[in-house]
Undergrad: 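Before I ask anything, let me first share the structure, which is written out below as structure tokens.
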Amino acid sequence: MKNNNKSKGSVSIESQTEALKIAKATQKPTQTKEQTKLIAQGIEKGITLYKKQQKEKAREADKLKKKTLRQKQNNETTSDIETKQAQQDQINSESNKTLPWILLALSWAGFIYYSVLGF
């Protein structure tokens, strides 16, 4: 399988030049070029590690942002469903209040009809 990640040795040119500038700026007079080069490599590693950490933090923040957005959408959907359900319950309760009265009136009408006609 092909590995899409950069190899360990590949560091951006910007990082290399930045590290070399920093190493030369802090170079002591008795320091050799090899020592400065080693210091620059250490600084490169630090820069690379810092960039990786920042990318990871950005990914985590993005994941958290997406998660909260999904939760917010779910809460809105749930509240919409609850609102519709409450409206439906209100309609049902209103119809449930009138149905017994209608049945009572029909039964009395039937009783009076039966009593008057004498069937």
Undergrad: Group every Ile, Leu, Val, Met, Phe, Trp and Tyr by side-chain heavy-atom contacts under 4.5 Å, then state whether Leu117 and Ile112 land in the same group.
TA: no

Undergrad: Which heavy atom of Ala19 sits nearest to which heavy atom of Ala40, and what is that distance?
TA: CB-O, 3.3 Å

Undergrad: List the atom of Glu44, the atom of Ser15, and the distance in Å for their closest heavy-atom pair.
TA: CG-O, 4.0 Å

Undergrad: Calculate, to the nearest 0.5 Å, the distance between atoms CD and NZ belonging to Glu56 and Lys52 respectively.
TA: 10.5 Å

Undergrad: Got Arg59 and Asp62 here, is their nearest side-chain heavy-atom distance under 4.5 Å?
TA: no

Undergrad: Assess, by modelled atom type and distance only, whether the side chains of Lys37 and Thr32 contain a donor and an acceptor separated by less than 3.5 Å.
TA: no

Undergrad: Could you tell me the separation between the CD atom of Gln16 and the CD1 atom of Ile47, rounded to the nearest 0.5 Å?
TA: 10.0 Å

Undergrad: Under a 4.5 Å cut-off applied to non-hydrogen side-chain atoms, are Ser115 and Phe111 in contact?
TA: yes

Undergrad: What residue pairs, at least two apart or across chains, pass side chain to side chain donor-acceptor pair (under 3.5 Å) with a residue in residues 18-29?
TA: Gln27-Thr36

Undergrad: Grouping I, L, V, M, F, W and Y whenever their side-chain heavy atoms are under 4.5 Å apart, do Ile43 and Leu20 come out in a common cluster?
TA: no

Undergrad: When rounded to the nearest 0.5 angstrom, what is the spacing between NZ in Lys63 and OG1 in Thr68?
TA: 14.0 Å

Undergrad: Decide side-chain contact (heavy atoms from CB on, under 4.5 Å) for Gln71 and Asn74; before the verdict, give the C-alpha distance in whole Å, the side-chain angles of both, and the deciding distance to 0.1 Å.
TA: CA-CA 5 Å; Gln71 285 179 343; Asn74 286 341; 5.6 Å; no

